[in-house]
Amino acid sequence: MKKRCKLIIDILMVVLLLLLMSERMIGKGMHIVLGITFLVLFVLHNLANLSWWRNMRKGVQKGKRLRCAAINVLLVLDMLFVTLSGVVYMSVGHKVSALLLVILIVIHLGIHIGHGKRRGNKNREKFGKKQKEDGLDDPCNNCS
């Protein structure tokens, strides 16, 4: 159930991100409402992955783990800046930080999608049969 909730939150965040990028189409008022909703989902996403944040300092930080940690920390910092620049309406700062946020989210998603595919292939090889691929593979154990 927790994996399904995490997946729903992630899908909603992607949909909201796409809508937020079309501010001219949805209007400023809807952009604000969706931005607040995105922020709430962002917080819920990080709370759902709180164990990753707790364990981030454990073990050796190198390679993929270090890149994941750097991306996640940058995502949180940039999300804070996007939110603050939106509240005080620093137009250029909001647009630049929002663009950076999109880039970081794409990288974050790429890491997780790639990890899920690799993990699925290993499971199929290990058990000699095709596993049910429902998109609920949780890469959060290794990244976030």
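In this chain, numbering begins with 1 at the start of the sequence shown.
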Undergrad: Give me the one residue out of Val106, Leu41, Val102 that meets side chain to side chain contact (heavy atoms under 4.5 Å, CB included) with Leu17.
TA: Val102
Undergrad: At their closest point, which heavy atom of Ser97 faces which heavy atom of Ser85, and how far apart are they?
TA: OG-OG, 3.7 Å
Undergrad: Would you call Leu7 and Ile11 a side-chain contact if the rule is heavy atoms closer than 4.5 Å?
TA: yes
Undergrad: Shortest non-hydrogen contact from Asn55 to Arg65?
TA: O-NH2, 2.9 Å
Undergrad: Identify each donor-acceptor pair in which a side-chain atom of residues 18-30 lies under 3.5 Å from a protein atom, sequence neighbours left out, and give them as a table.
TA:
{"residue": "Ser22", "atom": "OG", "partner": "Leu19", "partner atom": "O", "Å": "2.8"}

Undergrad: Flag yes if Leu12 and Leu109 sit in one hydrophobic cluster, no otherwise; membership is Ile, Leu, Val, Met, Phe, Trp, Tyr, and two members link when side-chain heavy atoms are under 4.5 Å apart.
TA: yes
Undergrad: On a heavy-atom basis, which atom in His31 and which in His94 lie closest, and how many Å separate them?
TA: NE2-NE2, 3.9 Å
Undergrad: Quick one: are Leu104 and Leu100 in side-chain contact, heavy atoms under 4.5 Å?
TA: yes
Undergrad: Do Val73 and Trp53 come close enough that some side-chain heavy atom pair is under 4.5 Å?
TA: yes
Undergrad: Does some side-chain heavy atom of His45 sit less than 4.5 Å from a side-chain heavy atom of Met13?
TA: yes
Undergrad: Is any side-chain heavy atom of Phe42 closer than 4.5 Å to one of Val76?
TA: yes
Undergrad: Counting only N and O atoms by type, is there a donor-acceptor contact under 3.5 Å from the side chain of Asp78 to the main-chain atoms of Leu74?
TA: no
